[in-house]
Asks: 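Got a structure here, written out as structure tokens. Questions coming.
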Amino acid sequence: MLVVGLTGGIGSGKSSVASRLVDRGAVLVDADALVREVQAPGGPAFTPIVERFGRGVVAPDGTLDRQAIADVVFGNTEELAALNAIVHPLVAAGMAERLGELAETDEIVILDIPLLVESSRQSAAQYVIVVDTPEDVAVARLVEHRGFTEADARARMKNQASRRARLDRASFVVDNSGTPADLDAEVARCWAWLQTL
Ligand code: ATP
């Protein structure tokens, strides 16, 4: 098993790169998917979150209201730390379990970890792929395809590591400043690099 982290700023194209790598044969372990799993009703983070943040974070359908939680923790370090203290260990355990299942295989495992650079915690990744996209391009895509306002996209970016800090951690940089076809070519280059490891 080869374990490679995949990270990048919000809207940089992490999911687009991950799905292209999966098409080529990689196995994806997705931190956001694990977060959703542990926070789902019946998941191990659900009750601790409701106990800490109150019934106001439960949506009418009984699931956690992610926007309500985001509104509480955004820009509030204490509340964010409380949420992370509940969620992070459970996500780490889920990742460790998945990696344990894959340990004896010769799969190329991609760990999609949006906050890999921001997090001080040790990751299992032996190498790091950074998806690099100019901020203005990422903002335009988030506004066009994902319904963000420009102000919201920029505020979230400001809360993340800088492009420079991320690039400093990169073993390989995927440039996603161009068209989807350009990204295909970048991912082909990345896949060829992975074969050399
Ligand atoms: P998030 O940080 O929200 O998880 P992400 O980094 O996973 O986002 P994607 O969801 O892959 O980013 O891409 C953001 C949006 O930009 C998506 O709607 C995607 O389809 C679009 N997109 C990604 N790459 C390109 C590209 N090269 N050209 C045009 N649109 C793109």
Side-chain angles (χ1 to χ4, degrees), residues 1-74 76-105 107-131 142 145-148 152 156 159-161 166:
M1 170 178 75
L2 174 69
V3 183
V4 182
L6 173 68
T7 195
I10 180 167
S12 60
K14 296 175 294 295
S15 309
S16 307
V17 170
S19 70
R20 282 164 168 81
L21 289 172
V22 166
D23 287 346
R24 289 175 178 271
V27 174
L28 179 65
V29 178
D30 181 343
D32 270 348
L34 282 167
V35 170
R36 284 194 293 275
E37 217 174 288
V38 300
Q39 293 189 355
F46 184 87
T47 303
I49 287 175
V50 177
E51 280 172 358
R52 175 63 177 73
F53 295 98
R55 297 295 306 176
V57 299
V58 181
D61 68 359
T63 62
L64 288 180
D65 182 340
R66 280 168 72 98
Q67 189 55 49
I69 296 172
D71 290 345
V72 174
V73 303
F74 189 71
N76 184 327
T77 39
E78 197 178 314
E79 299 293 301
L80 181 61
L83 178 66
N84 287 343
I86 296 169
V87 174
H88 279 178
L90 294 166
V91 169
M95 272 199 176
E97 187 185 333
R98 189 79 185 98
L99 290 176
E101 290 161 9
L102 293 161
E104 301 304 320
T105 70
E107 301 284 5
I108 295 175
V109 180
I110 304 294
L111 294 182
D112 185 339
I113 309 183
L115 298 182
L116 188 138
V117 172
E118 288 83 349
S119 161
S120 53
R121 291 167 338 113
Q122 198 63 29
S123 141
Q126 297 154 270
Y127 300 92
V128 175
I129 298 168
V130 170
V131 185
L142 288 169
H145 301 295
R146 301 267 293 277
F148 278 73
D152 190 23
R156 283 167 194 251
N159 235 26
Q160 295 187 329
R166 226 177 264 114

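No experiment lies behind these values; they were computed from the predicted model shown.
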Asks: Roughly how far apart are Phe53 CZ and Ile86 CD1, rounded to 0.5 Å?
Replies: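 If I round to the nearest 0.5 Å, the distance is 5.5 Å.
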Asks: Sequence neighbours left out, cut at 3.5 Å: what donor-acceptor pairs do the side chains of residues 27-34 make with other protein atoms?
Replies:
{"unit_1": "Asp30", "atom_1": "OD1", "unit_2": "Asp32", "atom_2": "N", "d": "2.9"}
{"unit_1": "Asp30", "atom_1": "OD1", "unit_2": "Ala33", "atom_2": "N", "d": "3.2"}

Asks: Apply side chain to side chain contact (heavy atoms under 4.5 Å, CB included) to Ser16 and list each qualifying residue two or more places apart in sequence or on a separate chain.
Replies: Arg20, Leu183
Asks: Which pairs pass side-chain hydrogen bond (donor to acceptor under 3.5 Å, both in side chains) with one or both residues in residues 48-71, sequence neighbours excluded?
Replies: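 Passing the test, one end in residues 48-71: Arg52-Glu79, Asp61-Thr63, Gln67-Asp71.
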Asks: Sequence neighbours excluded, which residues qualify as side-chain hydrogen bond (donor to acceptor under 3.5 Å, both in side chains) partners of Arg166?
Replies: none
Asks: For Gly56 and Ala68, work out which heavy atoms get closest and say how close.
Replies: O-CB, 4.0 Å
Asks: Evaluate Val4 against Leu6 for side-chain contact (heavy atoms from CB on, under 4.5 Å), listing each step before the verdict.
Replies: CA-CA 7 Å; Val4 182; Leu6 173 68; over 6 Å; no
Asks: Does the pair Leu99 and Leu111 meet the rule for a side-chain contact (heavy atoms from CB on, under 4.5 Å), with working shown?
Replies: CA-CA 10 Å; Leu99 290 176; Leu111 294 182; 4.2 Å; yes
Asks: Which residues pass the side chain to side chain contact (heavy atoms under 4.5 Å, CB included) test with Asn84, sequence neighbours left out?
Replies: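 Here the qualifying residues are Leu80, His88.
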Asks: Would you please name every residue forming a salt bridge (Lys or Arg N to Asp or Glu O under 4.0 Å) with Glu101, sequence neighbours left out?
Replies: Arg98
Asks: Between Gln126 (side chain only) and Val3 (backbone N and O only), is there a donor and an acceptor less than 3.5 Å apart?
Replies: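 Side chain of Gln126 to backbone of Val3: a pair is present.
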Asks: Can you tell me which residue pairs pass the salt bridge (Lys or Arg N to Asp or Glu O under 4.0 Å) test with a partner in residues 82-96, sequence neighbours excluded?
Replies: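 Sorted result for residues 82-96: empty, none.
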Asks: Would you tabulate the side-chain donor-acceptor contacts of residues 7-14 under 3.5 Å, counting partners in other chains and residues two or more places apart, or write 'none'?
Replies:
{"unit_1": "Thr7", "atom_1": "OG1", "unit_2": "Ile113", "atom_2": "O", "d": "2.9"}
{"unit_1": "Thr7", "atom_1": "OG1", "unit_2": "Pro114", "atom_2": "O", "d": "2.9"}
{"unit_1": "Ser12", "atom_1": "OG", "unit_2": "Gly9", "atom_2": "N", "d": "3.4"}
{"unit_1": "Ser12", "atom_1": "OG", "unit_2": "Gly9", "atom_2": "O", "d": "2.8"}
{"unit_1": "Lys14", "atom_1": "NZ", "unit_2": "Gly8", "atom_2": "O", "d": "3.3"}
{"unit_1": "Lys14", "atom_1": "NZ", "unit_2": "Gly9", "atom_2": "O", "d": "2.8"}

Asks: With rounding to the nearest 0.5 angstrom, report the CD1 to CG distance, Ile129 to Asp112.
Replies: 10.5 Å
Asks: Could you work out, with ring-ring contact (aromatic ring centres under 6.0 Å, His included) as the rule, every residue matching Phe74, not counting sequence neighbours?
Replies: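 Partners of Phe74 by the ring-ring contact (aromatic ring centres under 6.0 Å, His included) criterion come out as none, since no residue qualifies.
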Asks: Under 3.5 Å, which donor-acceptor pairs do the side chains of residues 41-50 form with other protein atoms, sequence neighbours left out?
Replies:
none

